[in-house]
Amino acid sequence: MRSPRVIGAMVVCLCAALSPLAGLSAGAPAGAAAKPVLTMALATPPTSLDPLVGSGGVNGVFQAPAYQGLLHLEGNGGSLGPSLAASFKWIGSNNSKFQIVLHPGLKFADGTPLNSAAVKTFAEAFAAGTSPFAYVGQEVQSIATPNDLTDVFTLKAPDLSFPTLLADDETGLGNIVSPQAITEKADLQASSDGAGPYELSQANTVQGSTYTFTPNPNYFDKGAVKYAEVIIRVIADPNTALAAIESGQVQVAYGTPDTARQARSVGVGVASFPGSVDALFITDDLGQLTPALKNVDVRKAINYAIDRKAIAKAITLGTGSPTDQMPIPGSLGYLASLANSYPYNLAKAKRLMAQAGYAHGLTLTITVPSFMSQLANLDQVLTTELAKIGITLQSYSGATFPAFIALENSGKYEGVIFSFPFPKGLPSTVPLLYSPNAVGNPRHEILPDVLPAAQAAEGIGGTKGATAWQAINKTIVSEALEVPIEIEPTIYFYAKSVHGVPQSLTIDPDFMSPSK
Amino acid sequence: MGIAERAKPETDPGDAAPLASDAGSRGAQRGLLRALLRRPASLLSLIWLSAVVVLALGAGVIAPYGSADEDLLHTLSGPSSNHLLGTDNLGRDILSRLMFGGRVTLAGVLIATLTALVLGSVIGLLAGYLRVAIDSVLSAIADILMSIPVLVVLLSVAAVTSRNTTVLMLTVGVLFSASVFRIFRAATLEVRQELFVTAARTSGLGDLAILRRHILPRLGSLLIIQGAIVASVTLVIQVGLGFLSIDARPPAPSWGNMVATASQTISTTIWPLIPPAVVIGLTVLAFSAIGDVAQQSRTGRGRPVGLGGSMRLVPPPVADDLGAAGEGSTRPTDPAASLLSIRALSVSVPASASARLTLVQGISFDVGPGEVVGLVGESGAGKSITARTILGIVAEGAEVSGSIRFKDTELLGLPEKELAKFRGTEIAFVGQDPAVSLSPTHRIGAQIAEIVRFHRGVTRAEARALALDLLDQVRIPDPKAAARLYPHQISGGMAQRVVIALALAGDPKMLIADEPTTALDVSVQMQILGLLKGLQKERSLGMLIVTHDWGVVADVCDRAVVMYAGQVVEDASVADIFERPLHPYSSALRSADPHLQSVGERLRVIEGQVPAPGTWPSGCRFAERCAKAVEACRAAPVELESRGPARLVRCIRAGELDMDADD
Amino acid sequence: MIRLIARRLLVSVPLLGVVSFVTFVLVSLTPGNAAYTVLGASATKAQIASLSRQMGLNKPLVVQYGTWLGHALQGDLGRSLITGQPVTQALGQQLGPTLSLVLLSLLVTAVGGVLLGVWSAVRGGRLARVIDSVSFVGIAVPSFILAIILISLFVLKVHAFPASGYVPISQSPLEWIRSLILPVVALSFGGVGIVAKQTRAAMEDVLAREFVVVMRANGYPRRSIVYRHALKAAAVRVLSVLGVTFVGLLTGAVLIESIFSIPGLGSLAVQASAQSDIPLVIGVTVTFTLLVVGANLLLDIAYMALNPQIIHR
């Protein structure tokens, strides 16, 4: 799960010299050879710096500098390329055996060799760990190490998206941790031990507010380490974050539609990518908490009661667009015919409520990540709009990512408002929302209409696969399992000294060490 | 932030002290209400608060929109005819949200304030009244509560109760009850000390009855003051909680979360921040203004004399009731030969916005070099004011006319800076109550050395030596030890010696002593008088002694100037006036002097009181109390007339009466 | 004097006890479970139960508190549930910014408030009215609203100050000051008004006293009367206002630090409370209380230095 406002998520290449202030404030030595400092601003601290405990979402940004994946996902939902692994391929034809071959001579930051055994140790530890994405690791049946550089993953079931999981974004399965740290149970909250270009500088890190990374001396591609320091600061207020860019304190920060106008007017770089879907995810589709939600009419009523057009205009200030489905146009599973499946229709919504026997309304409790201001606003709008059909929305907000995750995963709420970037479409959406242990499925529901079909689709490629995913999408929309609302652009602000507009929404090591 | 306002309850002046002087109980409270309604600041505040409350309560009916009515197509609009105060980021009407939001915010304030008041006042009352062992425990608890960082604790409470506003504001109330407790405890103690409670106690009233009848009514106005103060503080806290989004659940509005919402969009427009900020500000102000006015009406604090201000020299009043000009001409002594020469001196102060009050009217007298003049009279005669006016020390806004010549210089009308040059070096001053005449926070030696150094321009070391020398001159044993003491460590008599030493620091030619012995024990009085007289002789100082004590006049003075109701009524040598007072008032004063009365005789006093300034009759001002007054006395103003050499009297019957005869 | 300090310290012991215990009870009532927070989202019930036992979470509250207290007395406040960092270390890291912010604000409040208060008491008239209005505005505008307005004006409109963050004084004294100017202004503005008002009242009372008349009548220079004698006599009351103001500043710092993204104890408190990071919440609360205790102690000493009646009896 990933916040679109997470900034680290961008490919930035710092070509020109940084502004003098930033250089000064970071204490970088003067001179032509001196490497600049990259400072980024995020709205929230991570739940953990330890990939084995907390991965995904905001965590990925904080882990990206110190950890690197086996593979590398290029561009915006683009193709896979080599990274720590020099080559990779499926073995056989049923998409359940995947082989990678490592670069020779790799080392972790602690000096331990990064070989096939180390990869195996990590992957098994990840599957056994408590990361919300541990279920991804559990897809692996076994790992063979035919030689020192080769790992062969055997999956429990075919899954075409498995290679993506080995890339250093998304789930954390790519963030290989040193076996020494794993066996010695090193404190990876306070230190780092990966094969990434940087390592956490404990002395200059203030947990919860400033995270400083310095170059990893054992990194295999020294030329790619472009910065003397990478600093991630937590700045909750979007206005403050923008001002920090203007004043040169920060080079990259997340943006909001509210602040984007101001950013443009003062000449701060604004990069905007279409791509994440703001939605009210219903986590109690089986109605175990609130029986009404089991009734498809109630779920449809909710969908009909929402004025998506007005919301898209107000919340994204016209930069977004309304949507009724989870995949964005062009991604796997997207079906143009599903557009406008739930036009705003209060009368119909009320009728459906009455039909379901809830003319007098009901109460739903949901969680909201209030550190994302648009979602907090969306929550308010939904509360007002649903009140019109008698639904009282009670929201519990998490002011930081850890607080939000704690609420969300408690399984006590019937829904959650969140925003997912799904550039690759349903193959990444469905596992996240419907796998029994997925972070997006806190009540561990098993939806019979979705899960088996998705598991089947994971093993199919090509046009056939695409059709299968579209069928799943149709099911999700027609059963109103979720309440997609709008496609919102992901906005980044960057200082003029930073070149290379973000190419990808994923956490990509490119911006720290472009290895190509 | 405003929470620092907790300062107010524990430190505001007159927390408890004025209670003692609060005579009536219910009457005082009605007075308080009247004061609140009369002063524009508090009246406006009351109006504002009522309006806010009415708008909040009536929001459902009055508000143009619902609190959560969104107009997603018109977000962040400025004021318009549709939305008087514009709309917020979701197109909601700011005015309506302020009204609805007031409910949450004001309810929170109400809960916190009531909790603090009830807890604090009841426990404070009991602790103060019962004075039992638990008192110290309670005070310790109050100390603890007041040391707790409010917001940090509230954050924990918020986490536990998932932002239950009621519980949060109850917590705030409990925390703030500590300061209310302190005030009420102190106030109750004060009242309890008072005689009538003791009397009530001995008369057999039970504790409860005493509390109900005597103590509670007096603490009522304190409740209003504390309520206003606590409300103004808790409002800020409540809004702060709202800002951290731990009060109302959005989209339900509160003033605090409106600020938070507005802060999201300040880079686009600052407008949505303005209405809530103004409403919050005005409401805080209204509470604190009410508290202030209530406080002032209790303590009756006006602008004190203090450093005093610039006095204004005005032309003498047109010879209306008393011919000021005429008096000068009747002066027998030669002003040129005097050290100090006062002519037709009048002093008035502002009594209200429009009216002025004359305190001293047309005073004239002289003090010759080496001469000791006593300025005699009962209190209210204007003696002290006359004495202080000579040094240019008058109340703010005072107007002075006439002439005060010292040697060759006209002091009246001199700018403060010039006048200051005379103080201490030419004319020095010894005050009434030595216990409060010295700077309480500095050692005696240092105080004297400071002024020595200033007047004489010597080095620090020399100044210290000179200070010791001065202390020795005023016959303080072991000056070295004395110099190291603080004023509160020495006796009244010693303090007066120190004040005299201090007055002599600038080697003055003249000394003004304002009732120098009144506050002292009788035995010490004699010593101080002796000291003054000795020093006066040694240095041949001109001296003006203000006194009501005929004995002092007899002991040290050469001349006596008798004052009554702002006027000089008799001016004569001490020998003359003792032998044969010409004014009935002088005569009465002399007779009333306990020193001169023989044992066994009934103590004679002058019946009646000096008429207060502003109530002076147009005829003889003493006539009301004068046994010898006739109709003519009251008919017209009486002139000061010469009666023999160096003798002036203001009495139309001065020639015909024998004062010693009892009529 | 020693007795007074001893008394203050004696009061502090139950104070710290009460505060830590109350916080302990409060946060242990918070929904969620510490073991759960440590283990992360997909921990199994068995894992949680085992860690809970390990952490002693299944023991009675009083026992848990006793254990905590025992460790606390040895300087061990436990570890953050989220970051695993020792609480004392986190507190140590974030104490500097808070102290810088609060102490600078206290300085501004004290100097500004006292000067304004003295001027208004001494001069009266129009100046007093102007100062009154300033204090009124200071009281009326809560610090966090002022902070937002300041950011909007001086950061977003005129780029006069950095928007956020904190530069340690050891790194660059100039940047340290620059990073603190707006927060300090926002935090101390209200306090200046209150202190000015109280100072004025105290000064007016003192200036009305007889010793002022005597000093003035004997030629003491005005400056000396006002600043050396009257102010010192009024100082005790002013000090007690400052003491309470300090507590207020600490509270205000919580909001101001959050708004300006200053990595201090205040933002730590907000974050820890939002994340139910129990050991950290308790640690922050205890630290805040310790600061108050320390301030009160300093205040007592200052009282004694300023008020000879306490020591020289």
Side-chain angles (χ1 to χ4, degrees), chain B residues 1-7 11 13 140 143-144 147-152 155-157 159-160 236 239-240 243 259 263 266-267 270 273 277 281 284-285 288 303-307 391 393 420 423-425 428-429 431 433 436-442 451 454-455 486 488-489 499 502-503 506, chain C residues 11 14-15 18-19 23 26-27 29-30 122 124 136 139-145 148 152 156 190-191 194 198 201 204-205 207-211 213-214 216-221 229 232-233 237 240-241 244-245 247-252 254-255 269-270 273 276 281 285 288 292 308-309 312:
Chain B
M1 76 172 294
I3 295 154
E5 273 240 69
R6 286 180 82 181
T11 48
D143 272 0
I144 289 176
S147 303
I148 289 177
V150 185
L151 202 53
V152 180
L155 285 175
S156 321
V157 178
V160 177
V236 174
V239 174
F243 180 71
V259 171
S263 77
I266 48 167
S267 59
I270 198 170
L273 179 65
V284 172
L285 270 192
S288 73
R303 263 198 79 77
V305 180
L307 275 186
L391 287 160
I393 295 171
R423 297 184 188 136
T425 49
F429 180 84
D433 184 355
V436 295
S437 289
L438 291 165
S439 175
T441 52
H442 290 256
I451 194 64
F454 181 74
H455 283 322
Y486 285 95
H488 70 272
Q489 293 171 295
V499 175
L502 188 150
Chain C
V11 172
L15 170 64
V18 168
V19 169
T23 318
L26 279 179
V27 286
L29 294 173
T30 330
V122 169
F136 248 48
I139 292 165
V141 183
S143 59
F144 58 94
I145 294 184
I148 299 168
S152 144
L156 298 178
I194 290 156
Q198 296 292 328
E204 282 180 345
D205 287 354
L207 288 177
R209 290 211 224 148
E210 179 73 3
F211 83 83
V213 172
V214 171
R216 190 161 165 240
N218 285 306
Y220 280 80
H229 297 275
K232 199 174 170 192
R237 242 174 78 189
S240 72
V241 180
V244 190
T245 305
V247 180
L249 289 179
L250 280 179
T251 296
V254 172
L255 291 162
V270 174
S273 147
S276 303
V281 170
T285 313
F288 267 99
V292 174
Q309 302 201 9
H312 302 276

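Chain A is the first sequence line, chain B the second, and so forth, proteins listed ahead of strands; every chain is numbered from 1.
- Looking only at heavy-atom pairs under 4.5 Å with chain B, the residue among C:Ala140, C:Ser152, C:Ala269 that has the most is C:Ala140.
- For chain C, the nearby part of B:Leu438 is the backbone; its heavy atoms alone come within less than 4.5 Å.
- Taken to the nearest 0.5 Å, the CZ atom of C:Phe211 stands 6.5 Å off from the OG1 atom of B:Thr441.
- When side chains are defined from C-beta on, B:Val239 counts as touching C:Phe144, because their heavy atoms get closer than 4.5 Å.
- For the pair C:Asn218 (side chain) and B:Ala428 (backbone), a donor-acceptor distance under 3.5 Å is absent.
- B:His442 approaches C:His229 most closely through the heavy-atom pair CD2-ND1, 3.4 Å.
- When the candidates B:Ala420, B:Gly424, B:Ala277 are compared by the number of heavy-atom contacts under 4.5 Å with chain C, B:Gly424 comes out ahead.
- Heavy atoms closer than 4.5 Å to chain C are found in both the backbone and the side chain of B:Ile451.
- Nearest heavy atom pair, residue C:Ile148 against residue B:Ser263, reads CD1-CB, 3.6 Å.
- Contact of C:Leu250 with chain B is not made at all, since no heavy-atom distance falls under 4.5 Å.
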Check the pair C:Phe288 / B:Leu151 against side chain to side chain contact (heavy atoms under 4.5 Å, CB included), numbers first and verdict last. CA-CA 10 Å; C:Phe288 267 99; B:Leu151 202 53; over 6 Å; no
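- Looking at B:Asp433 and C:Glu210, their side chains never come closer than 4.5 Å, going by heavy atoms from C-beta outward.
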